[in-house]
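A quick write-up on the structure given underneath.
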Amino acid sequence: MPTRSSDILVIGGGVNGLACAARLAAKGRKVMLLEAADTVGGGAGAREFAPGYRAPALAHLTQGLDPRMAAGMDLVRHGLEFHPGLATTVLSGGDPLVVRGGTAEGPDSSAFAALHAKLSAFARVLAPFRQMTAPRLGAGNRWGGFLRHGLGVRALGRDDFRELLRMILINVHDVAEDELTDDRLKGLLAFDATLGAWLGPRSPNSLILYLDRLARGVDPLLPKGGMGALAVALGRAAEAAGVSLRTGARVAQVLVEGDRACGVALEGGEEVRAGLVVSAMNPRVTFQALVGAQALDAGFFKRTHHIRSRGGAAKLHLALKGAPGFAADLRSRLVIAASHDAVEAAFNPVKYGEVPEAPVMEVILPSAHEPGHAPEGGHVISAIVQFAPHAPKAGAEAAREAMLEASLRVLEAQAPGLRGLVVGAEMLMPYDIEDLFGMVGGNWHHGELAVEQMLFNRPMAEMAQYATPVPGLWLAGAGSHPGGGINGAAGWNAAGAILEARA
Amino acid sequence: MSFDAVIVGAGHNGLVTACYLARSGMKVCVVEKNDWIGGAAVSRELYPGFTYSNRSYVRSLFRPEIMRDLELARHGLQILPYEGGAVFQQDGGYLGMFRDHDANRREFARHSRRDAEAYDLYARDILRFCRFIRPMLMRTPPDPSSFRPRNLSELLWLGKQMGALSEGLRARMVQFWTMSIADFLDEYFESPVIKGYLAVSAIIGTALGPMSPGSAYVLLHHYMGDVDGNVGAWGFARGGMGAITKALTASLRASGGEVRVGQGVERILVRSGRAVGVALANGDEVHGARVISNMDVKRTFLRHVEEAELPEEFVKRVKAFKIRGSSGKLNIALDSAPVFPALPDGAPNIKGDLHFTDSVERMERGYDDWKAGQFSRDPFQDVMIPTMIDPTMTPPGKHFMSCFVQYAPPKIAGREWTDADRDAFRDTCLDQIAAYSPGFRDRVLHVEVRTPRELEAEVGLTEGNIFQGELTFDQLLFNRPVPGYAQYRSPIKGLWMCGSSTHPGGGVMGAPGRNAAAEVLREAGRKGGMSDAYAVL
């Protein structure tokens with residue numbers, strides 16, 4: 001018996017799904033959000049990976065929430081608070097180096113400040129593009145916003161404008177070589193640019209990912225109470241806006257009748273009908289699994305397979321019975337990368353489906369900031385470990401073990417005795433992340449954040465403005481412009497596009 | 001005596017510029033440090049009776065407009081198109097390559113029926129991209145930061161070119177320009193050897209691997225050539241690559257131009273902010289109203305111009321110009337024709353490019369070695385035996401073999417190449433060939449080995465980079481060689497650039513030389529008998 005209880009169905013209760021649903025509901029639409037898991041949050045949820053130890057399930061920091069979403073959903077009122085922006089400590093063979101707010105210690109202090117100022121200026125003029133629907137490369141465009149932002153770029157002045165055009169597609173390795181001498185800073189720059197990407201620092205087009213990061217914020221943020229608290233606040237805010245949240249509802253199919261999306265079928269057979277369906281799921285999953293070939297143009301369906309979605313990041317959770325001996329403030333973000341070459345070397349084997357010997361990583365200890373993550377005296381390590389193969393030649397099990405071993409080796413070198421403290425360990429490889437979160441290839445952005453998949457090509461030219469070739473079906477996830485990270489811009493933009501279309 | 005133009009370096013681009021200027025009536029002198037003319041496009045006798053094309057080795061990119069304008073055929077240039085080639089596989093099989101689309105398609109079908117079908121789509125797409133980008137080769141890049149009418153109208157022209165495409169094709173082309181060739185090929189093909197073969201053009205001469213974003217564009221750069229209007233076709237110059245520069249020299253002399261060899265330029269003379277000539281190594285000075293450098297941008301400005309004459313920011317950019325060499329070369333005199341048992345008897349493929357890299361992964365691993373400062377342990381080689389088509393280069397029955405090798409770094413693990421490194425490099429390459437050609441080593445009479453060290457020492461290619469600068473977006477179009485100086489002019493009045501460091505970059509193409517001449521002539525208010533860039537297709 002089909003039910004029709006809403007105008008709009010949003011599939012997927014991650015940050016973008018919640019942002020989209022909340023914005024639509026706030027504008028008076030009747031919105032229902034369907035989430036397969038028991039709680040909303042998606043990549044921003046929490047996970048008890050060992051008895052008494054809780055870690056952020058996937059994302060463990062945000063580079064900054066979309067300000068429109070944070071204000072529009074009034075997240076502060078719904079309980080969201082952040083710790084002060086995290087400083088970064090770079091750990092390598094030599095002395096630790098602390099970087100905070102774009103300033104670094106050490107011999108490169110002034111060079112880094114100059115580079116940071118230049119790149120921040122670029123990021124500032126590019127940031128507005130994140131908050132607009134991507135332009136089309138054809139007719140039917142509304143060029144106003146795009147041209148206005150374009151003039152903003154030109155307003156950098158002639159010299160900086162030229163410099164931006166030179167650097168926009170450059171590789172981050174060369175920038176590090178040209179501007180810096182300290183290997184620790186070169187390593188940090190290379191690491192931050194390639195975090196969550198499927199490319200090494202020598203790959204052209206890598207600096208733009210660093211600019212995109214700066215456009216979101218300088219120092220990363222940790223919500224009080226952990227990432228899970230962010231998910232809770234988002235869920236509450238969405239409900240307060242009038243969204244009806246339905247968890248434990250896994251969508252099996254998007255129903256298409258007369259060439260128009262008209263609802264979904266849940267696992268178990270229940271049908272839920274609505275005038276509009278918005279998928280905050282991965283675009284490949286949306287079309288290949290939920291819509292299916294029979295409802296789509298053959299050429300379009302084939303091209304959805306070309307959305308590249310290789311994940312190169314693994315997630316490591318360690319339960320420790322004591323404090324690890326890092327030569328750093330345990331409340332900082334620890335980046336373990338000896339140099340930009342070390343980052344590249346960690347990427348090399350992944351191209352061939354192999355595990356690197358010395359992965360690079362970003363480590364945080366939620367337990368160092370507040371109680372509640374680990375039993376008294378214990379600590380939790382949450383680390384994003386790069387790079388990890390998404391389709392290992394050696395097989396899933398062997399690769400996971402090798403990755404864990406390599407990661408522990410790297411950690412032990414920075415915190416001698418750490419192995420002896422480990423009482424529980426979990427290594428989520430990209431394929432595990434795919435299984436847990438529906439991220440194709442384990443890619444956190446639901447499609448690689450790469451220049452050829454940005455703006456009017458994200459996720460594909462045919463649906464870069466959130467509308468899809470199936471009338472009544474829209475996209476709102478990280479697979480759409482401007483991509484992922486715990487940010488919400490894609491979902492917020494999508495809601496804007498839907499409202500504008502009066503669909 | 002004073003010239004209208006002094007051109008530094010008798011490479012193909014310097015000669016092209018000189019020819020156009022001479023034809024406009026300017027008095028032109030080309031000065032060259034070596035005893036021979038031709039830069040990297042030369043034929044030399046390095047073993048008795050054998051002619052070596054010992055640097056560049058095939059001709060495809062050289063612009064047909066230039067050949068016509070400068071009457072190179074009348075001055076002795078003859079291009080011999082050649083047929084395909086072969087990729088030898090590790091399992092003993094091979095993939096034949098043909099210039100004819102349908103022949104290629106049939107051969108692909110032997111490896112994968114799906115890929116044979118995909119090849120039609122692939123070829124169509126690549127042709128469209130080529131068609132779009134080719135007209136840009138022969139135009140001075142606009143300066144997007146300038147509001148001068150000429151720059152604006154050029155930008156508008158570019159927009160119009162884009163406007164002529166369908167929306168889908170525009171989006172696709174932007175992807176193609178920025179993505180890696182490995183990813184691009186994955187969208188069409190499944191057979192590793194077919195992908196390995198098609199990826200080749202994306203890495204030749206480039207410090208990128210096939211999995212590096214931006215490598216697909218490099219493929220286009222190599223595909224833009226045409227032999228007699230046959231797009232993407234390649235040919236040998238009869239008598240070796242030197243035949244091109246020989247014909248250019250003959251054309252130059254016929255127009256009254258002059259070439260002086262054997263004395264390199266020591267310094268470019270600048271008086272009150274204006275280039276007025278050059279001082280040679282022997283102390284002689286050659287004066288001219290303008291100086292046009294065919295040398296790469298680093299050599300020109302960091303070695304031959306006083307730093308005080310240049311803006312600080314310009315010097316900084318030139319210093320940071322990326323010009324890392326990535327290739328080496330073996331030139332081999334053979335006592336008899338090598339045999340490759342994998343090929344059927346009488347197969348024509350031996351007359352073309354022979355490769356031993358049968359997958360993209362092997363190619364990429366070769367690049368990983370380069371990144372670590374080593375030459376590839378399992379290198380990619382493009383082996384050609386021009387004497388299979390042009391017997392004039394060797395005594396009867398003997399052969400000349402040219403092996404282009406990718407990758408070879410400018411320095412070995414941060415230090416200079418030694419002779420021992422060079423020998424190890426040579427043996428790695430010869431062993432690879434011998435693994436597919438029994439008895440190969442016994443046929444070898446003489447081997448000349450060129451690592452980036454030799455390329456820099458002899459031809460003056462900084463770091464041995466054959467394109468006078470890497471072909472990544474930060475160094476292409478209006479960024480090449482330096483933002484704000486992409487229009488062949490330098491910060492010094494009267495000092496121009498015409499080498500491959502300028503748009504559109506390297507390869508024996510001649511376009512930088514012609515574009516530079518066009519700019520010089522435009523500024524001087526002269527006509528140079530330059531036909532419009534031609535757009536067949």
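Residue numbers begin at 1 in each chain, while the letters A, B, ... track the order of the sequences. Only this structure's heavy atoms are used, side chains among them; waters, hydrogens and symmetry mates stay out.
- No other option in Ala320(B), Pro213(B), Ser212(B) has as many heavy-atom pairs under 4.5 Å with chain A as Pro213(B).
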For this session: Please step through side-chain contact (heavy atoms from CB on, under 4.5 Å) for the pair Asp178(A) and Lys322(B), ending with a clear verdict.
Result: CA-CA 10 Å; Asp178(A) 287 348; Lys322(B) 302 291 176 297; 2.9 Å; yes
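- Among pairs with a residue in residues 442-456 of chain A, those fulfilling salt bridge (charged side-chain N to carboxylate O under 4.0 Å, His left out) read Arg308(A)-Glu452(A), Arg310(A)-Glu448(A), at least two apart in sequence or across chains.
- Listed by sequence position, Asn479(B), Pro483(B), Gly484(B) are the residues of residues 479-491 of chain B in contact with chain A, using a 4.5 angstrom heavy-atom cutoff.
- Leu477(B) contributes atom CG, which lies 15.0 Å from atom CZ of Arg166(A) (distance to the nearest 0.5 angstrom).
- Across all their heavy atoms, Phe161(A) and Pro144(B) have their closest contact at CE2-O, 3.5 Å.
- Residue contact with chain A, scored on non-hydrogen atoms closer than 4.5 Å, is absent for Lys319(B).
- Between the CG atom in Asn348(A) and the OH atom in Tyr367(B) there is a gap of 9.0 Å [rounded to 0.5 Å].
- Surrounding CZ of Arg377(B) are at most 12 heavy atoms belonging to other residues, nucleotides or ligands under 6.0 Å away.
- Heavy atoms closer than 4.5 Å to chain B are found nowhere in Leu455(A), neither backbone nor side chain.
- Both the backbone and the side chain of Arg365(B) come within less than 4.5 Å of a heavy atom of chain A.
- Enclosure of atom CZ in Arg415(B) by more than 12 non-hydrogen atoms of other residues, nucleotides or ligands within 6.0 angstrom is indicated.
- By the 4.0 Å N-to-carboxylate-O rule, Asp143(B) lies too far from Arg158(A) to be salt-bridged with it.
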Just list the side-chain donor-acceptor pairs under 3.5 Å for residues 161-172 of chain B, sequence neighbours left out, or say none.
from	atom 1	to	atom 2	distance (Å)
Ser166(B)	OG	Leu169(B)	N	3.2
Glu167(B)	OE1	Arg136(A)	NH2	2.7
Glu167(B)	OE2	Arg136(A)	NE	2.9
Glu167(B)	OE2	Arg136(A)	NH2	3.3
Arg170(B)	NE	Met162(B)	O	3.0
Arg170(B)	NE	Leu165(B)	O	3.2
Arg170(B)	NH1	Leu137(A)	O	2.3
Arg170(B)	NH2	Gly163(B)	O	3.3
Arg170(B)	NH2	Leu165(B)	O	2.5
Arg172(B)	NH1	Gln175(B)	OE1	3.0
Arg172(B)	NH1	Glu187(B)	OE1	3.2
Arg172(B)	NH2	Glu187(B)	OE1	2.8
Arg172(B)	NH2	Tyr188(B)	OH	3.4

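- Lys393(A) and Glu361(B) are joined by a salt bridge, as a carboxylate oxygen and a charged side-chain nitrogen come within less than 4.0 angstrom of each other.
- In terms of non-hydrogen atom pairs under 4.5 Å with chain A, the most contact-rich of Glu313(B), Lys316(B), Arg324(B) is Arg324(B).
- Using a 4.5 Å cut-off between heavy atoms, Glu163(A) contacts chain B through its side chain alone, with no backbone atom that close.
- Among residues two or more places apart in sequence or in another chain, the side chain to side chain donor-acceptor pair (under 3.5 Å) test is passed with Arg124(A) by none.
- For Phe176(B), no part lies under 4.5 angstrom from a heavy atom of chain A.
- We find the CE-CG distance between Met211(B) and Leu199(A) to be 13.0 Å, quoted to the nearest 0.5 Å.
- In this structure, CZ on Arg202(A) lies 10.0 Å from CG on Asp368(B), to the nearest 0.5 angstrom.
- The 12-atom threshold is exceeded at CD of Glu177(A), counting heavy atoms of other residues, nucleotides or ligands nearer than 6.0 Å.
- Here Leu165(A) is the residue among Leu165(A), Asp341(A), Asn205(A) with the most heavy-atom pairs under 4.5 Å with chain B.
- With a 4.5 angstrom heavy-atom cutoff, Leu476(B) does not touch chain A via any of its atoms.
- Contact count against chain A (heavy-atom pairs under 4.5 Å) is highest for Asp474(B) among Asp186(B), Leu208(B), Asp474(B).
- The environment of CZ in Arg113(B) is sparse: at most 12 heavy-atom neighbours from other residues, nucleotides or ligands sit within 6.0 Å.
- Listed here is the closest heavy atom pair of Ser145(B) and Arg154(A): O-NH2, 2.8 Å.
- For the set Ile170(A), Asp174(A), Asp159(A), Asn171(A), the count of heavy-atom pairs under 4.5 angstrom toward chain B peaks at Asp174(A).
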